[in-house]
Amino acid sequence: MAASRSQARALEAPRGTFDVLPGDGRPRRALGHLAEEIFERAGYGYAETPAFESADLFARGVGEATDIVQKEMFAFEDQGGRALALRPENTAGFCRAYVEHGMHKRPQPVKLWYEGPFFRHEAPQAGRFRQFAQIGAEALGSDDPSLDAELIVLLAELLDRAGVGEVRLRLSSLGTAPTRHAYAEELRDYLRTREGELSEEVRARLDLNPLRAFDSSHPGTRAALVEAPKLLDRLEPEDAEHFAAVRELLDDARVPYEVDPALVRGLDYYTRTVFEFTSDRLGAQSGVGGGGRYDGLVEQLGGPPTPAVGWAAGVERILLAAQGEDGSSGDGRLGDGVRREPVIFVALESEAGTRAGFSILRTLWRAGARAEMEQAGRSLKGQLKQASRAGARAVVIVDDAGMRVRDMRSREEQLAADPGQAVELALGLTGAL
RNA sequence: GUGGGCGUAGCUCAGGUGGUAGAGCUCCUGGUUGUGGUCCAGGCGGUCGUGGGUUCGAGUCCCAUCGCUCACCCCA
């Protein structure tokens, strides 16, 4: 993966980015197609927002106190002095678009899905990049628990059909903002009484966001948290009801999950339901997809009060998990099913053949056939080898005398009187006629 | 940002105790195979990450630096 020449160094892809080469391209595209199929069936419309937005959107949307905003944003100024940032996630952007385009006037809920690149300035690691792709879905405009369940079911289906293998689904509820804030106070007070046992990081964050203590792997912190009050026990009755309804629907759908009171998502906007799918096929970055409800976000961004749910899944992580241990095939579902039409290869035995060959190539394309022509000056032997590699069923060989069509299976050749007949013969061999 | 591992041809890697670069694969050519998927031969391809130092001489030793990678952290 690493280039090595110093000359090339300056021209390497930036740290934390990667090139998608043809080999990786197929499963990647297949994942997108799979997502499209799943979402369209469920009534989700494809939407896109810009790859960069006003930096303020993320500060207000994602949360000033989050790591994402505090230290991971690619922020910059444009020539007009506007403060912009590459989007670190999509929810804030969709909410902005929802407000900007008055989507609250549409039939609710508005269901959207997306796929695209996101940017976070983090130290790269297995499954973690500075530019990465996410597939995600959001449903805005209803607090119905069936939306929470629906989105989780859709994500479960996507992961399953992508072939990521066994996943774990953790589920919890954060309640609404006020209960969460009250709980944060309570937790902070509790943790203060055991401050000596906590890790330095957790102590430093105590004021900013005590809930984050639950993410810590520090032994002392974990021990102190065992006896800590649980947010789930502090939910308002209607939040608890909502959570129970979501669980009921998941039970009915036979989606296995575990309720994990320690599940705290790192974005400030979450309310009520939160969830995360993890896979042990990944390294330390075990999360393949996750999300939750963000009932206050649209309003916070200047829109009408609008409950909403959504999730995002990491494309690279799904691909990584779907790859399996052996590194290549794995469950092998992504893109393996696509049947490809046979190719017709146009071989040139003389330089003068280029014009005739190119004309035949265009005719084949217009006829809807897959066709390629020799363009590297190879010997005929090399051309046939190339035709083989390209998956050719027929080869049209053009020379000074005329042209003939070779059947790559029987190795038999037929003379063609003119280009029209050559095309006909070739199409006949590939079954395209 | 911090720590561990690693940086030799496009890819995967060899290169005890320093002596001035190799293999396999890929690609191309020729031969063979009925002009292709086998086999044989040949060829293209490397400022040994970079800079400095020690030395008559460094891919091999020392220092620095950059990059990759894994982990912490955080998250998709």
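In the text below, chain A, chain B and the rest are named by the order of the sequence lines, each starting its count at 1.
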For A:A387, which contact category applies under a 4.0 Å heavy-atom criterion: base, sugar-phosphate, or nothing? nothing
Taking atom P in both B:G7 and B:U50, compute the distance separating them and give it to the nearest angstrom. 14 Å
Nearest 0.5 Å, please: how far is OG in A:S388 from CD in A:Q383? 13.0 Å
Which whole number of Å gives the distance between the C1' atom of B:A58 and that of B:U8? 14 Å
Can A:R41 be said to sit on top of A:F39's aromatic six-ring, NZ or CZ under 6.0 Å from centre and within 45° of the ring axis? no
What is the distance from atom CG of A:L250 to atom CD1 of A:I152, rounded to the nearest 0.5 Å? 4.5 Å
Taking B:A76, B:C70, B:G37 as options, the one with an atom nearest any side-chain atom of A:S388 is B:G37
Using a 4.0 Å heavy-atom cut-off, does A:G291 contact any base of the nucleic acid, only the sugar-phosphate backbone, or nothing at all? nothing
Between B:C39 and B:C48, how many Å separate the two P atoms, rounded to a whole number? 34 Å
Can you say whether a donor on the side chain of A:K381 sits under 3.5 Å from an acceptor on the base of B:G31, or the other way round? yes
Is a salt bridge present between A:E53 and A:R96, judged by a nitrogen-to-oxygen distance below 4.0 Å? yes
For RNA chain B, what is the dot-bracket line, given that a base pair needs Watson-Crick (N1 to N3, plus N6-O4 or O6-N4) or G-U wobble (N1-O2 and O6-N3) geometry with both distances under 3.5 Å, and | means paired with another strand? (((((((..((((.....[..)))).(((((.......))))).....(((((..]....))))))))))))....
Protein-nucleotide distance (A:D67, atom CG; B:G1, atom P), rounded to Å: 15 Å
Within the 6.0 Å centroid threshold, strictly below: A:F94 and A:Y114: yes
Closest-nucleotide 5' rank along RNA chain B - winner of A:G283 and A:R120: A:G283
Which class fits the ring pair A:F74 and A:H121: parallel under 30°, tilted 30 to 60°, perpendicular over 60°? tilted
Between A:Y183 and A:R234, is there a cation-pi geometry (under 6.0 Å to ring centre, at most 45° from the normal)? no
Taking 4.0 Å as the cut-off, does a side-chain nitrogen or oxygen of A:R212 come that near to OP1 or OP2 on B:C75? yes
Nearest-nucleotide check on RNA chain B, A:K71 vs A:V315; residue mapping nearer the 5' end is A:K71
To the nearest Å, give me how far apart CZ (A:F58) and P (B:C75) are. 17 Å
Please tell me which of the listed nucleotides, B:U69, B:A71, B:C75, lies nearest to the side chain of A:R317? B:C75
So, is A:S379 near the phosphate of B:C28, with a side-chain N or O under 4.0 Å from OP1 or OP2? no
On a whole-Å scale, what distance lies between the P atoms belonging to B:C66 and B:G51? 15 Å
How many whole angstroms separate atom OH of A:Y270 from atom C1' of B:A76? 10 Å
For A:F129, which contact category applies under a 4.0 Å heavy-atom criterion: base, sugar-phosphate, or nothing? base
Mind checking if A:R389 touches a base, just sugar-phosphate, or nothing, with heavy atoms under 4.0 Å? sugar-phosphate
Could you give the distance separating B:A23 and B:A9 at their C1' atoms, to the nearest angstrom? 11 Å
Any N or O donor-acceptor pair under 3.5 Å from the base of B:G37 to the side chain of A:R409? no
What contact category does A:L267 fall into here, base, sugar-phosphate, or nothing, at under 4.0 angstrom with non-hydrogen atoms? sugar-phosphate
Between A:E89 and A:R120, is there a side-chain N and carboxylate O pair less than 4.0 Å apart? no
Say whether A:S279 and A:E166, considering side chains only, have a donor N or O and an acceptor N or O under 3.5 Å apart. no
Here the distance between atom C1' of B:A76 and atom CG of A:L159, to the nearest Å, is 11 Å
Can you find a donor-acceptor pair, distance only, under 3.5 Å between A:Q125 side chain and B:C73 base? yes
When the P atoms of B:U29 and B:U38 are considered, how many whole Å apart are they? 15 Å
Between B:G57 and B:G19, how far apart are the P atoms? Round to whole Å, please. 15 Å
Rounding to an integer number of Å, can you tell me how far A:D19 CG sits from B:C68 P? 12 Å
If we require ring centres under 5.5 Å and near-parallel planes under 30°, does A:F132 stack on B:A76? yes
Roughly how far apart, to the nearest Å, are B:G46 and B:C13 at atom C1'? 14 Å
So what does A:A376 hit on the nucleic acid, given a heavy-atom distance under 4.0 Å: a base, only sugar-phosphate, or nothing? nothing
Tell me what A:E349 touches on the nucleic acid: a base, only sugar-phosphate, or nothing, going by heavy atoms under 4.0 Å. nothing
What is the distance, rounded to the nearest whole Å, between atom OH of A:Y269 and atom P of B:C75? 11 Å
Classify A:R128 by what it touches in the nucleic acid, base, sugar-phosphate, or nothing, heavy-atom distance under 4.0 Å. base
Of the nucleotides B:U69, B:A71, B:A76, which has the atom closest to the A:A284 side chain? B:A71
Rounded to whole Å, how long is the line connecting atom CZ of A:R15 with atom P of B:G1? 8 Å
Without decimals, in angstroms, what is the distance between A:M408 CE and B:G34 P? 15 Å
Any donor-acceptor N or O pair under 3.5 Å, side chains A:T176, A:D295: no
Confirm from the modelled atom types if A:R378 and B:C28 form a donor-acceptor pair under 3.5 Å, side chain to base only. no
